[in-house]
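Throughout, a chain's letter reflects where its sequence line sits, starting with A, and its residues are numbered from 1. Any value given below was found using the heavy atoms of this structure, including those in side chains, with hydrogens, waters and symmetry copies removed.
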Amino acid sequence: MLASEKRRGTPFFLRIATMRWLAVLVFLSFGTACFAQELPQRMTTAALPAEYEPHWVWVDDIAFGHMMDGRAYLVDADSEKFLGTLSTGGFFKKLELPTNTPEIYAAATFYTRVNRGERTDVVTVFDRQTLSPVDEIVIPPKRMTGAPTIAHSALTDDQRFMLVANLTPAQSVSVVDMQERKFVGEIATPGCTLVFPTGPRRFMSFCGDGSLLTVNLDAEGNDARQARSEPFFDPWQDPVSVKGVRVNDQWLFVSFDSQVHAVDIAGEEPRFLPTWSLLTDKDRRDSWRTGGIQMLAVHEKRGLLFTLMHRGGIETHKDPGNRVWVYDLATRERIRKIKLKGAATSIQVTQDDDPLLLAAFIGMPKLTVYDPDTGEHLRSISQLGSTITILQTN
Amino acid sequence: MLASEKRRGTPFFLRIATMRWLAVLVFLSFGTACFAQELPQRMTTAALPAEYEPHWVWVDDIAFGHMMDGRAYLVDADSEKFLGTLSTGGFFKKLELPTNTPEIYAAATFYTRVNRGERTDVVTVFDRQTLSPVDEIVIPPKRMTGAPTIAHSALTDDQRFMLVANLTPAQSVSVVDMQERKFVGEIATPGCTLVFPTGPRRFMSFCGDGSLLTVNLDAEGNDARQARSEPFFDPWQDPVSVKGVRVNDQWLFVSFDSQVHAVDIAGEEPRFLPTWSLLTDKDRRDSWRTGGIQMLAVHEKRGLLFTLMHRGGIETHKDPGNRVWVYDLATRERIRKIKLKGAATSIQVTQDDDPLLLAAFIGMPKLTVYDPDTGEHLRSISQLGSTITILQTN
Amino acid sequence: MKLLDRWVETRTRRVAQRTSRRHFVGRLGVLLLGGSVLPLLPVARATAAPDDGLPDEATLPGKTGDPTNCNYWRHCAIDGFPCACCGGSETACPPGTELSAVTWIGTCRNPGNNKDYIISYNDCCGKSPCGRCMCFRAEGDKPVYLPPKSNDINWCQGTNSNIYHCTISVVIGEAGSG
Amino acid sequence: MKLLDRWVETRTRRVAQRTSRRHFVGRLGVLLLGGSVLPLLPVARATAAPDDGLPDEATLPGKTGDPTNCNYWRHCAIDGFPCACCGGSETACPPGTELSAVTWIGTCRNPGNNKDYIISYNDCCGKSPCGRCMCFRAEGDKPVYLPPKSNDINWCQGTNSNIYHCTISVVIGEAGSG
């Protein structure tokens, strides 16, 4: 169908935009209307609907070779259509995708001379329909940089405050009020790092002794109360990876030895559920292990956990994998093994009733799409920048 | 030899630097001397000699996919050693390499938010030994951007003034006094573009009617006198490419039909020498043609012209070639045909008595090195960024 | 040279106008959100004509009717990324990019009726280069001293940002009719 | 946790000092031209020892003695570009880059004497990433909540620019001696 759509001259997604959501199409006219008849073809600028399709995916590109020019690509994992680009800026990690406002947020770092000069860190607000930057909030030039995770920044569950992890190497969190469009303040989190939202006005950070720091914000976004848990693992024995995934009121993390640590965040204090292993004894003998950049994904409604697997020693805990194993979170049973078409460092699953499994390898500018039920490779979307890291669905 | 040099732990070029030119090695010490004995290995920062080897080549990378992060790489075409990087900035075209001061100049464009915000154009002054930026001069934000040529900027022959071509699309030239480190002014060159130095305080630009505009600067770098030549070719009939090369008191240009136009610049006004063809009748029947980004090179002392050739119609005048033909400029005879190992869009020749022929293809981050006398492929230096354009020797 | 002179003159005036506009809207945080009014390219105006005669693109042979393909008939002088691969189409800039006001002009033959058409290659600007479907065709391309005929020039000019993202290929009239 | 606490405390103090220094020298045009005085990394100081015992690198097997190769023995926990491929060496930053003061620490076995050594992986900063000889090894690497043991952190910190260019691998002592 796409091919025939294409031939009629108007791209599929543009027609969707106009027909289904009556989205704004920004027409750049030629000065005055009287030129219109002289110019048979109008030049326009495309726009997107306020509500995205569930199979539209943000593909985050840190542009490792040119890290001050990060980008995110919006692609339709069904039609393979490339929908648009966000130029997100330096040291790009991930987008924040609020559901209560047609906006997208991204923290970024800029220098007056690209790689040198004066540093400025900002949160940029993009319009979800036009993909244009519409506002920015300057934050302290302290953002934590390096390999991206989903926890380098976050929105509180009420979507009011954006949290940005800092490391200078002193550890802290910048709080930005996205409603008032202002920087609220910096919360010191000594010995603890990254931001995992755990409630309307609450987040937690990972500490070096294997504990979690919970920070409660007041109505204005200030640090109201901090509480530190008991250590729930030994970081020198079997470190828990920070590359976790949230499923409802739990955060799931996996240790280097593929032990699942589930943290219940329903209450004021995190509760640590009994650990369980992704591996059988035979898996362990065969050296199976989780690895990658974004190595866990969940389908919330179905209660499924997807893990990116490879074989290797402890020092391969960040290596790509070409297997995805699927677990039923209720029974903790492995229900499926999927063989990917190639190595992947990131996996993601769309959250709709007819989900897609998505995979990407940082060394290959391509998104691959699978059926999560059968493991069948459905399609690939290529020419996506240079170094794909986090995959984000709506 | 290189291999054994390498194994001793100190890179070849560093040892050259210390032994042969007594170059400065900038040692970053550890606070106080008393730590030295505790730390067996000193961490240092390498530096280069004030005078470069004749086979050291600057490889300019416009970083087309991330064009605000241009770079230049210094490589030793003998040892294959990578010597250093300049982060030159946005819309990078080429370096200026004065011989009277150990500095390197590059014009660049910056935005406050990488791809958006406020634009600032500058000439950056780099130190030739440390490759650090040591100064910058702000110029009007009007630099001509697009596919690079050697004529997007230039130094006057006395090396005092740097000239930067502007296109907004109004055409002009920015003059920068590199001795006083200040922007002098902008010279309007309506209908004429690019800057080709033709004397101590003189340059010429190509005009749309096939003529040349000569601009004479006064002692302060201001526009003292302009003179426009008669048209010397018909740009609608057989356009002359601006991708010329200078040999002593001549600028050599080649038309789309491979006619050589030599412009004598010894006098106040350019003198147009009789044209001659690179092609025989048979070559023409076989559709041989010059093409590429930097498609001409000369060895001045030997009086040799090197041209990058391929087969194709007039619309292929920018296509890569895999042949280099060598002409004796005194006799206008073709004396050699060299078959390259692959496609090239840029060629260059070192100017010493034992020259090397250099080639690069914009689609492949690699510099290939040939013997210009035998055509023998000597070596390749790979992993050089993304989109190599101009090759510059000293 | 009349055409060229007029082109340069008009551009010079326009850039002067733009400069103050940039200072007004160009700073980040007050970026314009569409609705720009762009003046007509004089070259385009001179040759503009209705395109009633354009054959249905679905009937064109091979890939000459597919704007995501470099062989698309209107791409005959493109040097860059077709916006149809970047979130736009052959006539639409991708979301969040700004249409350049000035442009270069090519002449391409429509394989459906074998007529030549004037194509305006307008760059879409302000985001890092799209990087998809790189096309390198130079039919009728001239050196940079003939700017309106040169694809070696970054045509992101008169825009809030001069960063090149992709190019659209718009039919502005039949060749020879202007 | 004593080691980590001390590390964090020291860094915090240092960053406060650095902030004013950055404001003094960090603007373009007054970039520092070498001669920086960097404080010693406490982790390094604690374990530092003379390297008289280091075997001649020329005698090491395979590529374990070649700092431009990812199998170089000191690169066992590197995640990035070895400076030896970028115009520097295993102990020298390339020209024009700035040595990071803070760092991560690995432990690598020298195949010449089978002894373990503490390696400091200092990043060289301030130029666009080198992009050559990408190495991805993570022996002993820990998550980012243990910063001095993590190569997932951009260690271009306390420098005038935080852009990562490449990494040197410097022996700072025998393991277990500190």
Side-chain angles (χ1 to χ4, degrees), chain A residues 63-69 90-91 109 111-119 141-149 151-152 165 167-172 188 190-194 205-211 235-236 239-243 253 256 293 313-320 362-363, chain D residues 1 3-5 7-16 18-19 22-23 26-29 31 76-77 79-81 96 98 102-103 125-131 134 136-165:
Chain A
F64 188 50
H66 299 278
M67 55 176 72
M68 298 322 283
D69 190 23
F91 297 141
T109 297
Y111 281 87
T112 49
R113 299 296 179 261
V114 186
N115 296 300
R116 56 180 185 265
E118 205 65 35
R119 174 174 170 169
K142 297 180 169 182
R143 291 177 61 224
M144 177 172 176
T145 63
T149 70
H152 275 72
L167 181 87
T168 63
Q171 292 146 323
S172 66
C192 306
T193 191
L194 299 177
S205 296
F206 255 85
C207 308
D209 62 353
S211 69
W236 300 96
V240 169
S241 167
V242 297
K243 297 161 188 170
F253 301 99
F256 284 17
I293 291 166
I314 187 92
E315 74 282 1
T316 69
H317 65 272
K318 293 193 287 197
D319 279 15
I362 190 171
Chain D
M1 284 300 86
L3 182 142
L4 182 68
D5 286 347
W7 178 89
V8 169
E9 191 190 280
T10 316
R11 282 316 153 291
T12 315
R13 256 189 282 119
R14 281 217 43 259
V15 167
R18 283 262 155 186
T19 305
R22 168 179 295 170
H23 286 154
R27 285 157 218 275
L28 194 90
L31 284 176
C76 77
D79 182 359
F81 312 111
E98 190 186 0
V102 289
T103 179
C125 314
K127 288 177 190 280
S128 183
C130 158
M134 176 69 196
F136 180 66
R137 294 176 68 183
E139 291 173 27
D141 168 68
K142 295 275 187 292
V144 294
Y145 49 74
L146 293 173
K149 294 296 290 175
S150 175
N151 70 14
D152 270 352
I153 292 172
N154 172 12
W155 282 110
C156 283
Q157 294 175 29
T159 40
N160 287 312
S161 158
N162 305 114
I163 314 298
Y164 169 72
H165 185 69

Got a second to check how far [X]'s [atom1] is from [Y]'s [atom2], nearest 0.5 Å?
X	Y	atom1	atom2	answer
Thr316(A)	Glu139(D)	OG1	CD	11.0 Å
Tyr145(D)	Cys207(A)	OH	SG	10.5 Å
Ile163(D)	Arg113(A)	CD1	CZ	14.0 Å

With a 4.5 Å limit on heavy-atom distance, are the side chains of [X] and [Y] in contact?
X	Y	result
Tyr111(A)	Ser161(D)	yes
Pro239(A)	Pro143(D)	yes
Lys318(A)	Asp79(D)	yes
Pro129(D)	Met67(A)	yes
Asn160(D)	Arg116(A)	no
His317(A)	Asp141(D)	yes

For this session: Tell me, out of Gly131(D), Ser128(D), Ser150(D), Cys130(D), who's got the most heavy-atom pairs with chain A below 4.5 Å.
Result: Ser128(D)

Seminar exercise, completed: By side-chain contact (heavy atoms from CB on, under 4.5 Å), Ala147(A) pairs with (sequence neighbours left out) Asp152(D)

For this session: For His152(A), check side-chain contact (heavy atoms from CB on, under 4.5 Å) against everything at least two apart and list the hits.
Result: Lys93(A), Met144(A), Thr149(A), Leu194(A)

Problem set entry | Heavy-atom closest contact (Trp236(A) atom, Lys149(D) atom, distance) | CH2-CG, 4.1 Å

Problem set entry | Lys142(D) to Phe256(A) - nearest heavy-atom pair and separation | CA-CZ, 4.4 Å

Exercise. Most heavy-atom pairs under 4.5 angstrom with chain D, which of Val114(A), Thr109(A), Asn115(A)?
Worked result: Asn115(A)

For this session: Apply side chain to side chain donor-acceptor pair (under 3.5 Å) to Arg119(A) and Asn162(D), showing your working.
Result: CA-CA 9 Å; Arg119(A) 174 174 170 169; Asn162(D) 305 114; 2.7 Å; yes

Exercise. Given the side-chain rings of Tyr164(D) and Phe91(A), with only the six-membered ring counted for Trp, is the space between their centroids under 6.0 Å?
Worked result: no

